[in-house]
Amino acid sequence: MTETMWFSFCLGRVDHERIQAVGPDRAASEWLLRCGALVRYQGFEKWQQDYNGLPTGPLGKYRIEAINATESCIMYRGFDYLDGLEHVKEIQLRKCIYIQDECLQRLSETKNLQKSLLQLKIISCGNVTDKGVLALHKLMNLEYLYLSDLPGIRQKEKTVHVLQQALPNLELELDLD
């Protein structure tokens, strides 16, 4: 698949019929891999990176536990694919040029992720500002948040204070200078 085709898929509409047909984890895997991200399934150590090598099996057998979206083209429009994911514990957003505040707000409003997400890393995503990071306060079970190389963070102390107040058990690691 060419880079243009991958990008077109990432821009396309969410296929709700596909989600119904193959289940949320399979549909999300397809979207994430086509956009250049990696997924790791519950009970597996290896990252899935090849769209054509997606495992087959009964509906619900492969549940996404981790997402590594390094240099992927994921964007807000496809975040509906994440709605049905119930087992995602960690997400890394690194060098994602289409990730912006609205994406983080959407992520934090996803009910299943509010329950399951434990670790989040946001690194070198130039469109993320304090507003997007502050929205993460809704991820009530979040244990670890790593923020690095985010030039849009302008009120670091205030943002950190608000997050620590909302999530007192959160381990917050910063590399924002």
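Note that these values count all heavy atoms, side chains included, but never hydrogens, waters or copies made by symmetry.
Smallest separation of non-hydrogen atoms from Cys125 and Leu93: SG-O, 3.5 Å. Counting all heavy atoms, side chain and backbone alike, Leu139 lies closest to Leu113 at CD2-O, 3.9 Å. Closest non-hydrogen pair, Val39 versus Leu33, comes out as N-CD2, 4.3 Å. Closest of all the heavy-atom pairs between Leu167 and Leu136 is CD1-O, 3.9 Å. For the residue pair Leu54 and Gln48, the shortest heavy atom distance occurs at N-NE2, 3.6 Å. Considering all non-hydrogen atoms of both residues, Cys103 and Met75 come closest at SG-C, 4.3 Å.
Within 6.0 Å of NZ on Lys156 lie more than 12 heavy atoms contributed by other residues, nucleotides or ligands. Heavy atoms of other residues, nucleotides or ligands lying less than 6.0 angstrom from NE2 of His87 number more than 12. Environment of CD in Glu173: crowded, with over 12 heavy atoms of neighbouring residues, nucleotides or ligands closer than 6.0 Å.
Contact of the Leu82 side chain with the Ile67 side chain is registered, since non-hydrogen atoms from C-beta on lie closer than 4.5 Å. Inter-residue side-chain proximity for Ile19 and Tyr81 is flagged as met; some heavy-atom pair is nearer than 4.5 Å. At least one side-chain heavy atom of Gln92 sits under 4.5 Å from a side-chain heavy atom of Thr70. Looking at Glu17 and Gln20, their side chains never come closer than 4.5 Å, going by heavy atoms from C-beta outward. With a 4.5 Å cut-off on side-chain heavy atoms, Glu102 and Leu104 do not count as touching. Using a 4.5 Å heavy-atom cutoff, the side chains of Leu142 and Leu118 are not in contact.
The backbone N or O of Ile123 sits nowhere less than 3.5 Å from a side-chain atom of Ser148 that would complete a donor-acceptor pair. Side-chain atoms of Ser108 come within 3.5 Å of backbone N or O of Ala135 as a donor-acceptor pair. A donor-acceptor pair under 3.5 Å links the side-chain atoms of Asn127 to the main chain of Ile97, judged by distance alone. Remark: side-chain polar atoms of Asp130 are not paired, donor with acceptor, to backbone N or O of Thr159 under 3.5 angstrom. Side chain of Asp101 to backbone of Val128: no donor-acceptor contact under 3.5 angstrom is found. Using modelled atom types, no side-chain atom of Glu71 and backbone atom of Ala37 make a donor-acceptor pair closer than 3.5 Å. Side chain of Arg77 to main chain of Ile74: no donor-acceptor pair is present (N/O by atom type, distance under 3.5 Å, no hydrogens or angles).
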Working note: Tyr51 + Trp31, criterion side-chain contact (heavy atoms from CB on, under 4.5 Å); need CA distance, chi angles, decisive distance, verdict. CA-CA 9 Å; Tyr51 176 83; Trp31 172 67; over 6 Å; no

Trace of the salt bridge (Lys or Arg N to Asp or Glu O under 4.0 Å) decision for Arg18 with Glu30: CA-CA 10 Å; Arg18 181 74 179 154; Glu30 292 172 356; 2.5 Å; yes

Step by step, work out the side-chain contact (heavy atoms from CB on, under 4.5 Å) result for Ile122 and Tyr146. CA-CA 6 Å; Ile122 306 169; Tyr146 179 70; over 6 Å; no

Worked check of side-chain contact (heavy atoms from CB on, under 4.5 Å) between Asn141 and Leu117: CA-CA 7 Å; Asn141 290 322; Leu117 192 60; over 6 Å; no

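Annotation: the span from Ile99 atom CD1 to Tyr76 atom OH amounts to 11.5 Å, rounded to 0.5 Å. Remark: Ser116 OG to Leu85 CG distance equals 8.0 Å, nearest 0.5 Å. Here CG of Leu174 is found 9.0 Å from CG of Leu163. Values are rounded to the nearest 0.5 Å. Taken from CD1 in Ile64 to CD in Gln42, the straight-line distance is 11.0 Å, to the nearest 0.5 Å. The distance from atom SG of Cys35 to atom OH of Tyr98, rounded to the nearest 0.5 Å, is 10.5 Å. Going from atom CD of Gln155 over to atom NZ of Lys131 covers 13.0 Å, rounded to the nearest 0.5 Å.
In the hydrophobic clustering of ILVMFWY residues, with side-chain heavy atoms under 4.5 Å counting as a link, Met140 and Leu134 come out apart. A chain of hydrophobic side-chain contacts below 4.5 Å, direct or via other Ile, Leu, Val, Met, Phe, Trp or Tyr residues, connects Leu32 to Val14. When the side chains of ILVMFWY residues are joined at heavy-atom separations under 4.5 Å, either directly or via intervening members, Val133 and Leu170 end up in a single hydrophobic cluster. Residues Val160 and Tyr144 do not share a hydrophobic cluster, clusters being chains of Ile/Leu/Val/Met/Phe/Trp/Tyr side chains in contact below 4.5 Å. A continuous path of ILVMFWY side-chain contacts below 4.5 Å connects Leu120 to Leu176, so both sit in one hydrophobic cluster.
Side chains of Glu65 and Tyr41: no donor on one and acceptor on the other come within 3.5 Å.
A salt bridge links Arg40 with Glu90: the closest approach of a Lys/Arg side-chain nitrogen to an acidic carboxylate oxygen falls below 4.0 angstrom. Taking a cutoff of 4.0 Å between a charged side-chain nitrogen and a carboxylate oxygen, Glu109 and Lys138 qualify as a salt bridge. Contact check on Asp80 versus Arg106 returns a salt bridge, with a Lys/Arg side-chain nitrogen under 4.0 Å from an Asp/Glu carboxylate oxygen.
Residues passing the side-chain hydrogen bond (donor to acceptor under 3.5 Å, both in side chains) test with Asn112, sequence neighbours excluded: none. Residues that satisfy the ring-ring contact (aromatic ring centres under 6.0 Å, His included) test with Phe44, not counting sequence neighbours, are Tyr62.
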